[in-house]
Number of protein chains: 2
Amino acid sequence: MHLEKQAKKILSFPRSQPEEVQALQDTIYVIGGKWRLPIINSICNGNKRFRDIQRSIPGITTRMLSRELKEMELNKLITRTVYADIPVSVEYESTDYCKTFGPIILAMIDWGKKHKKKITGKG
Amino acid sequence: MHLEKQAKKILSFPRSQPEEVQALQDTIYVIGGKWRLPIINSICNGNKRFRDIQRSIPGITTRMLSRELKEMELNKLITRTVYADIPVSVEYESTDYCKTFGPIILAMIDWGKKHKKKITGKG
DNA sequence: ATACCAGGTATACTCTGTTATACTGGTTAC
DNA sequence: GTAACCAGTATAACAGAGTATACCTGGTAT
């Protein structure tokens, strides 16, 4: 299998079996939108509080964050815990499932860093 | 409480420096949308002709494909070559720049395959 | 008293990505 | 002559992601 892959490396990455296209489209669907991945990244990096998460993501509004968090909780990507402290505090935490996005996020951060000039210096 | 939180900073993937958030958001911006990545994947896998690319991506319309291809050509992600053959033929090819998306696409295909059940069997 | 923090909700609007459908112009096949 | 393939363009319309702005409850600080 791996040998086969190496051998067929005429192209820079693997052939597009319908199954792989489907997998790709599925993934795009679940991480769809502008905010999902930045939010996952933020929470996986230790931000637990609503305002902390918001502050860590430039440009996001409370409305969008609120909406995304709700849907992510429904989809078991995060947990939401309310602590009946003196002033009630709320904490969001990533589930193991959520952490499976790690490789994708890392690949994207890596790409973004490497291609900073091309983006900023566009005209 | 606060001390515990600080201590728990041994997390599953790296700390979210503002720089990394920015990189992530940049990447999301350039690959934004439903079709960009599937198209890149298709072309990088050897599809060159308009109809071949279209057939390889379930659900895409000629309009969307046409639009995306134009913008991708502008952004130097692909090249478009017209051959003055008997019936004129057009070939799209990926640039080296385009191929830098490989790791992201691969990570996403991988994720999609692994989480097929969760998506399809969702309720 | 008032101004600010946390954790949001409510309303309204915009924008554009996406869909649907039809059509063009040229070529080859039956 | 008509049907099908290539490589698209044209037009219209929609859905919902995203934005903007204001507001609410409750606590805390000065």
Side-chain angles (χ1 to χ4, degrees), chain A residues 21 24-43 46-75 77-94, chain B residues 1-2 5 21 24-40 42-43 46-75 77-94:
Chain A
V21 180
L24 181 55
Q25 288 185 296
D26 288 345
T27 305
I28 290 168
Y29 178 76
V30 311
I31 64 179
K34 200 172 169 180
W35 304 114
R36 186 66 52 94
L37 248 22
I39 292 170
I40 292 174
N41 185 50
S42 176
I43 296 178
N47 290 308
K48 294 172 188 294
R49 312 292 295 273
F50 190 91
R51 296 293 175 190
D52 288 341
I53 298 166
Q54 186 173 14
R55 269 188 291 268
S56 75
I57 304 168
I60 197 166
T61 59
T62 58
R63 175 168 164 67
M64 283 311 293
L65 180 54
S66 176
R67 276 175 51 149
E68 289 291 319
L69 287 174
K70 260 181 207 157
E71 204 185 317
M72 289 168 70
E73 196 194 349
L74 273 175
N75 297 352
L77 286 173
I78 54 170
T79 59
R80 180 180 185 273
T81 315
V82 181
Y83 294 99
D85 288 344
I86 320 95
V88 270
S89 71
V90 180
E91 291 195 350
Y92 294 94
E93 277 171 287
S94 58
Chain B
M1 186 79 118
H2 311 82
K5 281 175 194 167
V21 179
L24 180 55
Q25 287 186 296
D26 288 346
T27 305
I28 289 169
Y29 178 77
V30 311
I31 65 179
K34 201 171 168 180
W35 304 114
R36 184 67 51 92
L37 248 22
I39 293 169
I40 292 175
S42 177
I43 297 178
N47 290 308
K48 293 172 190 292
R49 313 291 296 271
F50 191 91
R51 295 294 176 192
D52 288 339
I53 298 166
Q54 186 172 14
R55 266 188 293 267
S56 75
I57 304 169
I60 197 168
T61 59
T62 57
R63 175 166 164 68
M64 283 312 294
L65 181 54
S66 177
R67 277 177 50 146
E68 290 290 321
L69 287 174
K70 260 180 207 156
E71 204 185 318
M72 289 168 70
E73 197 194 349
L74 274 175
N75 296 351
L77 286 172
I78 54 170
T79 59
R80 180 178 185 274
T81 316
V82 182
Y83 294 100
D85 288 344
I86 320 96
V88 269
S89 71
V90 180
E91 291 195 351
Y92 294 94
E93 278 172 288
S94 57

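Lettering of chains follows the sequences in order, A, B, ..., and the numbering in each one begins at 1.
- Here the straight-line distance linking atom CD1 of A:Ile78 with atom CD1 of A:Ile39 works out to 8.0 Å at 0.5 Å rounding.
- Take B:Glu71 and apply the salt bridge (Lys or Arg N to Asp or Glu O under 4.0 Å) test, not counting sequence neighbours, and it matches B:Arg36.
- Between the C1' atom of D:dG18 and the CD atom of B:Gln25 lies a distance of 14 Å, rounded to the nearest Å.
- Between A:Glu71 atom CD and C:dG8 atom C1' there is a gap of 18 Å when expressed in whole angstrom units.
- Partners of A:Lys70 according to the salt bridge (Lys or Arg N to Asp or Glu O under 4.0 Å) rule, which considers only residues two or more places apart in sequence or in another chain, do not exist here.
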Collect all protein-nucleotide pairs involving nucleotides 4-9 of chain D in which both atoms are nitrogen or oxygen and the distance is under 3.5 Å.
{"residue": "D:dC6", "atom": "OP1", "partner": "B:Arg55", "partner atom": "NH2", "Å": "3.4"}
{"residue": "D:dC6", "atom": "OP2", "partner": "B:Arg55", "partner atom": "NH1", "Å": "3.4"}
{"residue": "D:dC6", "atom": "O3'", "partner": "B:Arg49", "partner atom": "NH2", "Å": "3.4"}
{"residue": "D:dA7", "atom": "OP1", "partner": "B:Arg49", "partner atom": "NE", "Å": "2.5"}
{"residue": "D:dA7", "atom": "OP1", "partner": "B:Arg49", "partner atom": "NH2", "Å": "2.6"}
{"residue": "D:dA7", "atom": "OP2", "partner": "B:Arg51", "partner atom": "N", "Å": "3.4"}
{"residue": "D:dA7", "atom": "N7", "partner": "B:Arg51", "partner atom": "NE", "Å": "3.2"}
{"residue": "D:dA7", "atom": "N7", "partner": "B:Arg51", "partner atom": "NH2", "Å": "2.0"}
{"residue": "D:dG8", "atom": "OP1", "partner": "B:Arg80", "partner atom": "NH2", "Å": "2.4"}
{"residue": "D:dG8", "atom": "OP2", "partner": "B:Tyr92", "partner atom": "OH", "Å": "2.8"}
{"residue": "D:dG8", "atom": "N7", "partner": "B:Arg51", "partner atom": "NH2", "Å": "3.1"}
{"residue": "D:dT9", "atom": "OP1", "partner": "B:Lys70", "partner atom": "NZ", "Å": "3.0"}
{"residue": "D:dT9", "atom": "OP2", "partner": "B:Ser66", "partner atom": "OG", "Å": "2.4"}
{"residue": "D:dT9", "atom": "OP2", "partner": "B:Lys70", "partner atom": "NZ", "Å": "3.3"}
{"residue": "D:dT9", "atom": "O4", "partner": "B:Thr62", "partner atom": "OG1", "Å": "3.1"}

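- Taking atom CD of residue A:Glu68 and atom P of nucleotide D:dG16, one finds them 15 Å apart after rounding to whole Å.
- Between the C1' atom of D:dT19 and the CD atom of A:Gln54 lies a distance of 13 Å, rounded to the nearest Å.
- Distance A:Ile60 CD1 to D:dT21 P: 17 Å, rounded to the nearest Å.
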All N/O donor-acceptor pairs, side-chain side in residues 57-64 of chain A, below 3.5 Å, sequence neighbours left out:
{"residue": "A:Thr61", "atom": "OG1", "partner": "A:Met64", "partner atom": "N", "Å": "3.3"}

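- We find that CE of B:Met64 is positioned 13 Å from P of C:dT16, with the value rounded to whole Å.
- Closest to the B:Pro87 side chain, of the nucleotides D:dG18, C:dT18, C:dT28, is C:dT28.
- Distance, A:Tyr83 OH to D:dG26 P: 23 Å, rounded to whole Å.
- Partners of B:Arg49 under the salt bridge (Lys or Arg N to Asp or Glu O under 4.0 Å) rule, at least two apart in sequence or in another chain, do not exist in this structure.
- Applying the salt bridge (Lys or Arg N to Asp or Glu O under 4.0 Å) rule to B:Glu93 yields the partners B:Lys48; only residues at least two apart in sequence or on another chain are considered.
- Between the CG atom of A:Leu65 and the P atom of D:dT21 there is a distance of 19 Å, rounded to whole Å.
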